[in-house]
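Below is one structure, written out as structure tokens, with a few remarks after it.
Reminder, nothing fancy here: chain letters follow the sequence lines and each chain counts from 1. All values below were derived from every heavy atom in this structure, side-chain atoms included, with hydrogens, water molecules and symmetry-related copies excluded.
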Amino acid sequence: MPELPEVEIYRQYLEASSLHQPIEHLDVEDPKLLTTDFPILYEKLAGRSFTGTRRVGKNLFVFTDKPDVILHMHFGMTGDLAYYHASLDRPRYARIVFYFSSSYNLGFICPRKFERIGLVDDVDTYLKRKKIGRDGLDVSLSELTAQIQSRDALIKPVLMDQRTVAGLGNWIVDEVLFQARVHPEQRTRTLTDGQLAALYEAVRLVLLTAIRHEASYRRFPADFLIHARRWDDSPYEDPEAHNYCPRCGTPIRKLEVGGRTTYFCPSCQRIE
DNA sequence: CAGCATGTTTGAAG
DNA sequence: GCTTCAAACATGCT
């Protein structure tokens with residue numbers, strides 16, 4: 001479930017589990033998941049140890065004991081990590097596995113094969129080439145404002161665009177817009193300074209809240225829109241009860257914006 | 001079976 | 001160059 005908060009949790013997980021253990025072996029089930037050819041990946045990683053991490057938006061970079069060997073991970077729509085003892089069965093969908101000399105393995109879980117792993121030699125070069133913007137937790141109000149005002153489009157797709165700010169995905173953008181009380185289809189050029197400030201604060205609120213709850217959306221505060229969304233892992237006694245705005249009770253409306261399913265409160269989020 | 005899905009890239013058209 | 005829209009990627013779940 002990898003938007004920025006999940007990837008941050010994965011980063012912490014990898015950092016806590018997988019550093020300073022020489023990589024003995026690497027198994028790749030499907031070469032399509034690689035952005036670096038397997039022989040090169042193997043040769044560069046064999047014998048190396050992970051030494052640290054850096055996350056930018058939804059991208060996770062893992063440093064090794066060789067400065068120019070940096071692993072890049074992108075978790076697509078359903079990626080995950082699993083660190084497990086070698087004596088245990090390989091987790092389901094662990095299509096790439098790092099075998100450490102510690103007798104533990106790190107599995108890169110990718111059920112839908114939208115995930116990617118490869119090498120980069122320099123993080124900033126990679127970010128620049130991919131035009132990835134400032135991380136959602138590092139961006140300043142003036143940077144975010146400048147980015148948004150440089151575009152002429154609907155606010156939702158602009159916030160989803162990783163060039164604007166890195167790390168926001170479909171569901172988090174809906175939450176940000178809800179918290180900021182901005183309609184997903186309002187055009188960027190019509191946003192007031194007050195709305196831009198509200199969006200900035202909402203980005204921080206939503207990201208920090210999600211990370212604090214270890215990215216388990218179901219534990220979000222009661223006044224978050226996320227509860228109106230259907231989550232297969234969040235069983236509610238009364239499914240209808242959560243289809244109303246947690247602030248005003250108006251039925252949550254669903255529409256398509258920028259080609260993505262969008263939830264919003266037609267009463268709280270009006271185009272100014 | 002049909003429809004939908006947390007992401008990114010690419011290409012066409014205006 | 002920019003925006004918009006659709007499709008493609010590959011698979012799982014409801």
(request) Give the rounded distance in Å between these two atoms: NZ of A:Lys113 and C1' of C:dG12. (result) 13 Å

(message) With a 3.5 Å limit on both atom pairs, tell me what C:dA10 is paired to, counting Watson-Crick and G-U wobble, or say none.
(response) none

(request) Take atom CZ of A:Arg112 and atom C1' of B:dT9, then tell me their distance rounded to the nearest Å. (result) 19 Å

(message) In this structure, is the centre-to-centre distance between the rings of A:Tyr42 and A:His25 below 6.0 Å?
(response) yes

(message) Using the ring centroid of each side chain, check whether A:Phe61 and A:Tyr126 are separated by less than 6.0 Å.
(response) yes

(message) Measure CG/A:Leu60 against P/B:dG7 and give the value in whole Å, please.
(response) 17 Å

(request) Tell me what A:Arg92 touches on the nucleic acid: a base, only sugar-phosphate, or nothing, going by heavy atoms under 4.0 Å. (result) sugar-phosphate

(request) Going by the salt bridge (charged side-chain N to carboxylate O under 4.0 Å, His left out) test, name the single residue among A:Arg116, A:Arg95, A:Lys113, A:Arg112 that passes it with A:Asp30. (result) A:Lys113

(request) Determine, using ring centers only, whether A:Tyr104 and A:Tyr99 are less than 6.0 Å apart. (result) no

(request) May I ask you to say what A:Gly259 touches in the nucleic acid, namely base, sugar-phosphate or nothing, with a heavy-atom cut-off under 4.0 Å? (result) nothing

(request) Look at all strands and tell whether A:Lys130 reaches a base, only sugar-phosphate, or nothing, counting heavy atoms closer than 4.0 Å. (result) sugar-phosphate

(request) Would you tell me if any nitrogen or oxygen in the side chain of A:Arg95 comes within less than 4.0 Å of OP1 or OP2 on C:dA10? (result) no

(message) With nearest nucleotide decided by heavy atoms, which residue, A:Tyr93 or A:Arg187, maps closer to the 5′ end of DNA chain C?
(response) A:Arg187

(request) Using the P atom as the reference point in each nucleotide, state the distance between B:dC4 and C:dA6 in Å, no decimals. (result) 14 Å

(message) Output the rounded distance in Å from CG (A:Asp161) to P (C:dC5).
(response) 15 Å

(message) Using whole Å, what does the distance between atom C1' of nucleotide C:dT4 and atom CZ of A:Arg151 come to?
(response) 11 Å

(message) So A:Glu115, base contact, sugar-phosphate only, or nothing? Heavy-atom distance under 4.0 Å.
(response) nothing

(message) Please report the distance, rounded to the nearest Å, between CG in A:Asp80 and P in C:dG12.
(response) 15 Å

(message) Roughly how many Å apart are C:dA7 and B:dG3, using the P atom of each and rounding to a whole number?
(response) 14 Å

(request) Can you establish whether the number of heavy atoms outside A:Arg90 located under 6.0 Å from its atom CZ is more than 12? (result) yes

